[in-house]
2 protein chains.
Amino acid sequence: MKIVTFNVNSIRARLHIVIPWLKENRPDIFCMQETKVDDRNFPESEFSRAGYQVYFSGIKGRNGVAIATLHEPEEIIIGMNGEERDRVITLKFEKLAVTNVYVPQGQSIESEKYQYKLDFLRRFRDYLREIVDFNGYHAVCGDMNVAPDEIDVHSPQRLRNHVCFHIDARNAYRELLSLGFVDLLRKFHPEERVYTFYDYRVRNAIEKGLGWRVDAILATPKLAEKCRDCYIDIKPRLMERPSDHLPLIAEFDL
Amino acid sequence: MKIVTFNVNSIRARLHIVIPWLKENRPDIFCMQETKVDDRNFPESEFSRAGYQVYFSGIKGRNGVAIATLHEPEEIIIGMNGEERDRVITLKFEKLAVTNVYVPQGQSIESEKYQYKLDFLRRFRDYLREIVDFNGYHAVCGDMNVAPDEIDVHSPQRLRNHVCFHIDARNAYRELLSLGFVDLLRKFHPEERVYTFYDYRVRNAIEKGLGWRVDAILATPKLAEKCRDCYIDIKPRLMERPSDHLPLIAEFDL
DNA sequence: GTAATTACCG
DNA sequence: CGGTAATTAC
C-alpha cells in the first residue's frame, strides 16, 4: 500500500506531471496541496480516466487540497469542523484514515499572516486530537510549511527568521507531532538531509542542495509500524514546468 | 510558384500550426501578420529548421509582420519610408516583389483609432504608388481589415457600422485597389462567399457561415495573368488552438 | 475566445 | 521562476 503527498502548485498547470506519475506509480492514496482551483473547475475527468476517484475542496486562485484514491472511502470530511475548507480534507476508509493539509505559509514573522499560521497550527492540532484514533491507522499528509529541525533546512542560521523555520512555527508544529505521530521520512532517514522543496527562485537549487523539508507524512504509531519505506521522488522536479515541491512516498505492508 | 498570407494571431502561439503547414505545403512566399513578438524573440530557428529564411519586424505584444521564403531576396524594406515598421514589410526578388501588410483594425467608427485606420489606408496607397511597378510582378498580401463588398461579409446590413465594413474604410481600400491591383481570390471566385476570418467569439461560426473576407492577395495585372488559382485552406482553423484567420493561397505559373 | 499586457505572490 | 488575477485588444 502506497500513500503519497505532493504540493502540485496548481493542479491544472501540473496535469502533464501528475497524471503520468499516477499511471506509473499507482499509489493507493495521492494527496495534493495548492490545487489553486475552485471545485467546479477541478479536472476530475483526468483522474477518472487514470482510474482514480478524486475528492477536492478549493477556491479560485490559491490554496486548495485534493485526494485521489483507488479505493472507495466510507466518509469524506471537508475542512476542520466546517472551517478551513480550502486547506484540510480527510478521507476515512475501512481500516485507514487520511488527512491532507495545506498549512498557511505566513509571509513574514512580522505579518499578521504569521499569527494566523501559528493559530492554524494550534487549531489543526486540536482538530487532530478530536478525529485521530491513536490506536488505529491514520496518516496526516501535507505541506506543513514548517521545517521541524536544523537538519531540515540548508542554512539553519541564515533562515532562523524565515516563517517556515522560525522557532514559534517549529514549536507549534512540535506540539502537533507530540500528540503521538511518527514523521515517516525522518524515521527512515534519521541523519540525512532530505528535501521536499526547492524554491523556483534559487538558481540551481538542487545541485547546490538549497532545499527544505516542509512536506511530511505523519503516521499513528500503529500505522508507522507497518511502514516499509518512506522516500522522495526527485524526477518530477527535473521535468518541464515542474512544481517547486517533490512527491513524498510512504510504502506500507498492510 | 505559391504565395500565401496568414494572420497567425501570435506566431509563438501558432508554431504548432505554421511549421507543419509549411512542411506540407512548401509555399515560396509565406506572409504572416499579428506575429505579436519583438524581433529579439522571433522564433527564427523554427523556420530555418523547416528550410525557410524569415524576415520580420515586430514589437512586444501586438501587430508585427513577417515573411518566410524559400528564395534569397535582393532587398528587404521594413515599414513604409521608415514608418509603421510593425505593420509593413516588403521583399524584392529578382523578378517579383512582395509587400506584406497588417492594416489597423480601428476599434469602433467613433474611435480615433478608426481615423488612424483611414489615414493608414491612404498613406499605404501612396506608398504602394511609389514602390510598385505596375508593369512588373508585385503582390500585396495581408490582413486588410476591410471586407470590400457586400459579398465579403455574412450580414451586410447588420455590419454596416463595423470598422471592417463601414463605407469610409471600404472607400479608402477601394482607392488602393484602383491603383491597378487585381484581388486574386475574387478573380477566381467572383460570386462565391469565401471567408478568411471567423471570429473566435462567434459560436460555431464556420458551420453557420458567419465569416468575413478581410485578408487578401492583390497582384499587379501582369502577375495576376500568371495566377493559376487562389483559394482558402480551412484545415488550420479546425486544429487545436487555431488562429481566427485562415491561410489564403495563390498559385502561379511563373 | 484567445493571447498578449501588468501587477502580485511565494 | 512560475503560478494567479485583471486588463486590453482584436
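The shown structure was predicted, so the numbers you read here are calculated from the model rather than taken from an experiment. Numbers restart at 1 for each chain; the letters A, B, ... are given by sequence-line order, proteins then strands.
When each of A/Y52, A/F42, A/F30 is tested with A/F47 by the rule ring-ring contact (aromatic ring centres under 6.0 Å, His included), just one qualifies, namely A/F42.
Atom CG in B/N63 sits roughly 7 Å away from atom P in D/dC10 (whole-Å rounding). Distance CD (B/E240) to C1' (C/dG1): 14 Å, rounded to an integer number of Å. Atoms NZ (B/K208) and P (C/dG1) sit 12 Å apart, rounded to a whole Å. Whole-Å rounding puts the A/L15 CG to D/dG3 C1' distance at 14 Å. Separating the CZ atom of A/R14 from the P atom of D/dC1 is a distance of 15 Å, rounded to the nearest angstrom. A/Y198 places its OH atom 17 Å from the P atom of D/dG2, with the value rounded to the nearest Å. Going from atom CG of B/D86 over to atom P of D/dA9 covers 14 Å, rounded to whole Å. The distance between atom CD1 of B/I17 and atom C1' of C/dT2, rounded to the nearest whole Å, is 12 Å.
Dashed line: the shortest gap from a side-chain N or O of A/R241 to OP1 or OP2 of D/dG3 is under 4.0 Å.
Stacking of B/R160 on the aromatic ring of B/F165 is not recorded, the 6.0 Å distance cut-off and the 45° axial limit not both being met.
Closest approach of B/F120 to B/V88, counting heavy atoms only: CZ-CG2, 4.0 Å.
Residues that satisfy the salt bridge (Lys or Arg N to Asp or Glu O under 4.0 Å) test with B/D215, not counting sequence neighbours, are absent from this structure. In this structure, the side-chain contact (heavy atoms from CB on, under 4.5 Å) partners of A/R158, at least two apart in sequence or on a different chain, are A/H154, A/S155.
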Under 4.0 Å protein heavy-atom contact, by nucleotide of nucleotides 4-10 of chain C - B base, S sugar-phosphate only: SSS---B

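Taken to the nearest 0.5 Å, the CG atom of B/L184 stands 8.5 Å off from the SG atom of B/C141.
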